[in-house]
There are 4 protein chains.
Amino acid sequence: MQTATTPRKTPRQTRSQATVESILEATARVLAQHGYAATNTNRITELACVSVGSLYQYFPNKLALIAALHERHVAQMAVVLLRDLSTGSRESITKRIRRLIAAVLAAHRLEPDLHWVLERNFVALEPAYDVSPADQLVHGIVRQILDEHRAELGVVDINLASYMVLRMLESLDHATVLEPTPHLATDKLEQAIGDAILGYLTRPARLE
Amino acid sequence: MQTATTPRKTPRQTRSQATVESILEATARVLAQHGYAATNTNRITELACVSVGSLYQYFPNKLALIAALHERHVAQMAVVLLRDLSTGSRESITKRIRRLIAAVLAAHRLEPDLHWVLERNFVALEPAYDVSPADQLVHGIVRQILDEHRAELGVVDINLASYMVLRMLESLDHATVLEPTPHLATDKLEQAIGDAILGYLTRPARLE
Amino acid sequence: MQTATTPRKTPRQTRSQATVESILEATARVLAQHGYAATNTNRITELACVSVGSLYQYFPNKLALIAALHERHVAQMAVVLLRDLSTGSRESITKRIRRLIAAVLAAHRLEPDLHWVLERNFVALEPAYDVSPADQLVHGIVRQILDEHRAELGVVDINLASYMVLRMLESLDHATVLEPTPHLATDKLEQAIGDAILGYLTRPARLE
Amino acid sequence: MQTATTPRKTPRQTRSQATVESILEATARVLAQHGYAATNTNRITELACVSVGSLYQYFPNKLALIAALHERHVAQMAVVLLRDLSTGSRESITKRIRRLIAAVLAAHRLEPDLHWVLERNFVALEPAYDVSPADQLVHGIVRQILDEHRAELGVVDINLASYMVLRMLESLDHATVLEPTPHLATDKLEQAIGDAILGYLTRPARLE
DNA sequence: GATGAATGAGGGTTCATTCAT
DNA sequence: TATGAATGAACCCTCATTCAT
C-alpha cells in the first residue's frame with residue numbers, strides 16, 4: 001500500500017544516503033528561510049547541488065518530501081525530549097512540570113523557523129501528521145504526571161486537565177521560541193509558563 | 001499613497017456593492033473550505049458568479065482582496081466583542097475574566113474556519129495585519145482588568161501577565177472553537193479556560 | 001462604407017464637441033507622456049473626465065480614436081506649414097530651402113512627443129496614414145522648388161532628388177526636435193541641415 | 001547583479017542550444033512578420049515547436065528574449081560591417097564613403113524587417129540598447145574618416161559633421177532597404193546617398 | 001446622451017513532474 | 001543512477017468593448 005506521501009525507495013548506498021540527506025537539509029533551509037509558498041523543487045535542488053531527477057528518485061512528489069522532512073524533524077525533537085525527560089519521575093510535581101517545560105522549549109529551539117513553517121502549513125494540510133511521536137511522548141508524560149499526582153491536585157477530569165496543559169505548553173512555547181517578544185526576557189517567560197500551568201493544576205479554590 | 005493592498009475603487013451603485021459583497025463572500029467560503037493554497041481567483045469568481053474582470057475592478061490584486069476580507073472579518077469580530085464587553089467593568093475579576101472569555105469565544109465562533117486560515121496564512125504573510133482592531137480591543141481590556149485589580153492579584157509585572165493572559169485566551173479559544181475535540185464538552189472547556197487564567201492570575205504561593 | 005477607423009458619428013451639439021475634444025486631448029497627453037503601450041481607454045477616459053461609454057459613442061474602437069488624433073495632429077502641422085510657406089516662392093533656392101526647413105521644424109515642434117509616438121507606432125500599423133496632408137504639402141513644395149530651379153541645379157532625376165530631400169528633411173528634423181542631442185546647438189543643427197540639403201542639390205562636380 | 005534582461009542560463013547540451021536557437025529564430029520571424037504588438041510567447045513557442053516552459057528556462061521574461069535577439073542581430077550586423085570595412089583605410093574619401101554606405105546597406109539587408117521592428121519598438125523602450133556594437137563601429141569609422149580627411153574637407157566642427165553623416169546614413173539606408181520605393185532603382189539610390197553625404201562634406205561655398 | 005459596471009479572451013509567467021540521454 | 005532539458009496545466013492580471021440603467 002503505497003500512499004502518496006511514502007518515500008519512493010530507501011537509499012542503500014552511502015552516496016544515495018548523502019543525496020537524500022542533502023535534499024532534506026536543503027528543503028529545511030529553504031522552508032525556514034523563505035517560507036512555504038516560496039519553497040519549490042528548483043530552489044531545493046539548487047541548494048542541495050542535486051538535479052531534480054534525483055529528488056524524484058527518492059520522493060514521489062513534493063508533499064512526500066516535506067512529509068519526510070517533518071518526520072525527521074519531529075524525530076529530532078523526540079530525541080531531545082527523551083534525553084531531557086528520561087529521569088525525574090520521582091520528583092515533586094513542580095519540578096516535573098518545570099522540567100517538562102524546559103524540555104519542550106529545548107525541543108522547539110532545535111529549528112524554530114522550520115517548526116513554525118511546518119506547523120502552520122504542512123500539518124494543516126495533512127492533519128494526520130498532527131500526532132507526531134514527539135507529541136505523543138509529551139502527551140504521555142503529561143498524563144502520567146497528572147495521574148501520579150492526582151491526589152495532590154484538585155484535578156477531577158484528567159482528560160480535560162491534560163488537554164489544557166498540553167495546549168498551554170504548546171502555545172506558550174510557540175510564542176516564546178518563535179516570536180521573540182522584545183521586553184520579555186526568556187527566563188521570565190519560562191517561569192511564567194510554569195506558573196500558569198501549575199496555577200491551573202493546583203488552584204486551591206474557585207473564587208467565583 | 002496607494003499601497004499594494006488598498007482597494008481599487010469603492011462601489012457606488014447598489015449593483016456594484018452587491019458584486020463586491022458576493023466576491024468577498026465567495027472568497028471567504030473558498031478560503032474556509034479549501035484553504036489558502038487552493039484559493040485562486042478563478043474559483044472565487046466562479047463561486048461568486050462574476051467575471052475575473054469584476055474582481056480586479058475593486059481589488060488591485062489577490063492579496064488586497066484577502067486583506068479586505070480580513071478587515072471585514074475582524075470588524076465583525078470587533079462588533080461582537082464590543083457588544084459583549086461594553087458593560088460589567090465594575091464586576092469582580094472572576095466575572096470579568098469569564099465574560100471576556102465568553103466574548104472572545106463568541107467572536108471566534110463567527111467564522112471559525114475562515115479565521116483559522118487567515119490567521120495561519122495571511123497574517124503570517126503580512127505581519128502588519130496582526131494587530132487588528134479586535135486584537136487591540138481585547139488587549140486593552142485585559143490590561144485594564146489587570147490594572148484595576150492589581151492589588152487583588154499577586155501580579156507584579158503587568159506586561160508579562162497581560163501577555164500571558166492574551167496568549168492563553170487566544171490559543172485556548174482557537175483550540176476550543178476550531179478543533180472540535182470529542183469527549184470534551186464546550187462548556188467544560190470554557191470553564192477550564194477561566195480556571196487556567198484565573199489560576200495563573202490569582203495563584204497564591206509558589207509551591208516550588 | 002464604414003471602415004474600421006472611421007469616426008462613429010460627428011458631434012453636432014457643442015457639448016458633444018467638447019467631449020470629443022477632451023477625449024482627443026487626453027489621448028494625446030497619455031500617448032506623449034506614457035507611450036503607446038501604456039495608452040489604454042481607461043487612462044484616457046479618466047484623464048478626460050469622461051466615461052468609457054462616451055468614448056465609444058464617438059469612436060468605434062481604439063484604433064479609430066488614434067486615427068482621429070493623428071488626423072488632427074497632421075492637420076495642425078499643416079496649418080503651421082501653410083502659414084510659413086505661403087510666401088517666398090520667388091526667392092533664391094537657398095532662402096527657399098532654409099525657409100522650408102524652418103517651417104518643418106516649427107511643425108515638428110508643435111507636439112514632438114506625440115508626433116514621435118504616432119510615427120513610430122501608429123503609422124507603422126496603418127501604412128495608409130503615412131501620406132498625410134502635411135506630408136503631401138511638403139512633398140509638393142519640394143517638387144516645386146526643384147522644378148523651378150532645375151536649371152540652376154545639377155539635378156537630373158527630379159523624382160530621386162525630391163525623394164532624397166524629403167528623407168533628409170524628415171530624419172534630420174526628427175533628430176533635431178525629438179532627440180535633443182546635448183552639445184549640439186539647435187541653430188547650428190538647423191544650419192547644418194540646410195547645408196546638407198543644399199550641398200546635395202548644388203554639388204558642382206563629382207570628385208570620384 | 002542580475003538585470004531584468006539578462007539571459008537566465010546558458011544552454012550546455014547541444015539539444016538545449018538547438019532549443020534556444022529555435023526560440024530566437026521563431027521570435028525573429030514573429031517580430032518581422034507580425035510586428036511588436038502581436039508578438040507573444042504563445043505564438044513564438046508554437047512556431048518554435050517548443051513549450052512555454054522551455055522559453056522561460058532560458059529567458060527570465062519576454063523583454064530579455066527580445067534583448068537577446070537584438071544582441072544577436074546587431075552582432076550579425078557587426079560581422080558584415082567588419083568584413084566589409086576592414087580594408088581601404090588609405091583610399092580617397094569618396095571611395096571610403098561609398099564603401100561605408102555599401103557596408104551599412106549590406107548590414108541592413110540582413111534582416112530588414114526585424115531590424116525595423118526592433119529599432120522602432122524595442123530600442124525605443126530600452127534606450128540603453130541604442131548604442132550597439134554595430135553602431136559604435138560605424139560611429140568610429142565615420143569619425144576616423146572625417147579626422148583623416150579634415151584638411152581636404154571644409155568641415156570645421158567634427159562633432160556636428162559626424163552626427164550629420166551618421167543620421168543621413170541611417171535614415172537613408174532605412175528608407176532604401178525597408179521601404180522598397182518603386183520607380184527608384186537601388187543602385188541609383190545608393191549613389192545618391194553617397195552624393196548627399198559627400199555633398200554635405202565637400203560643399204565648397206555657401207551660396208546664400 | 002452619458003454612465004460605469006461587467007465581461008472574458010488573451011497574455012506573461014511559474015513550477016511540479018517526466019523522461020531521454 | 002544521475003542529469004537537466006522539456007513539458008504544459010494553472011495562475012494572476014489587463015484591457016478593449018458591451019450594455020443595462
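To find a chain, count down the sequence lines: A is the first, B the second, and so on, and within it residues start at 1. Quick note: numbers below take in every heavy atom, side chains included, and nothing from hydrogens, waters or symmetry partners.
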Interatomic distance, B/I44 CD1 vs F/dC11 P [rounded to whole Å]: 11 Å

B/N61 or D/C49, whichever maps to the more 5' nucleotide of DNA chain F: D/C49

Distance, rounded to the nearest Å, where C/K62 contributes NZ and E/dG10 contributes P: 16 Å

Crowding at CZ, C/R72 (>12 non-hydrogen neighbours, <6.0 Å): yes

Touch class at under 4.0 angstrom, heavy-atom based, for D/T19 against every strand present: sugar-phosphate

Protein-nucleotide distance (B/R8, atom CZ; E/dA5, atom C1'), rounded to Å: 14 Å

Nearest-angstrom distance from the residue atom OH of C/Y56 to P of F/dT17: 4 Å

Within residues 45-72 of chain D or reaching into it, pairs that qualify as ring pair (Phe, Tyr, Trp, His ring centres under 6.0 Å) - sequence neighbours excluded: D/H70-D/F122, D/H70-D/Y129

Watson-Crick or G-U wobble mate for E/dT3, both contacts under 3.5 Å: F/dA20

N/O (side chain, A/S51) to phosphate O (OP1/OP2, F/dT3) under 4.0 Å: yes

A/T41 vs D/V52, nearer the 5' end of DNA chain E by closest nucleotide: D/V52

Gap between atoms CG and C1', on A/L65 and E/dT17 respectively (whole Å): 13 Å

Presence of D/R43 side-chain N/O under 4.0 Å of E/dG12 phosphate oxygens OP1/OP2: no

Residue B/E111 excluded, over 12 heavy atoms near CD under 6.0 Å: yes

Side-chain N or O of B/S54 closer than 4.0 Å to phosphate OP1/OP2 of E/dT7: yes

Results of side-chain contact (heavy atoms from CB on, under 4.5 Å) for B/A38 - residues two or more places apart only: B/H34, B/R43

First of C/N42 and B/N40 reached from the 5' end of DNA chain F, by closest nucleotide: B/N40

Touch class at under 4.0 angstrom, heavy-atom based, for B/S16 against every strand present: sugar-phosphate

E/dA9 pairs with, by Watson-Crick or G-U criteria that keep both distances under 3.5 Å: F/dT14

B/R120 atom CZ: more than 12 heavy-atom contacts under 6.0 Å: yes

Between F/dC11 (C1') and B/L63 (CG): distance, integer Å: 15 Å

Among F/dA5, E/dG1, F/dG8, the one nearest D/Q57 by side-chain distance: F/dA5

Between P of E/dA16 and CD of A/E46, the distance in whole Å: 12 Å

Sugar-phosphate, base or nothing in reach of B/F59, heavy atoms under 4.0 Å: nothing

B/K9 side-chain N/O to E/dA5 phosphate OP1/OP2 under 4.0 Å: yes

Which residue lies more 5' along DNA chain E, comparing D/R15 with A/T39 via nearest heavy atoms: A/T39

Spacing of B/S132 atom OG and B/E119 atom CD [to the nearest 0.5 Å]: 7.5 Å

d(OH, A/Y36; P, E/dC15) in whole Å: 14 Å

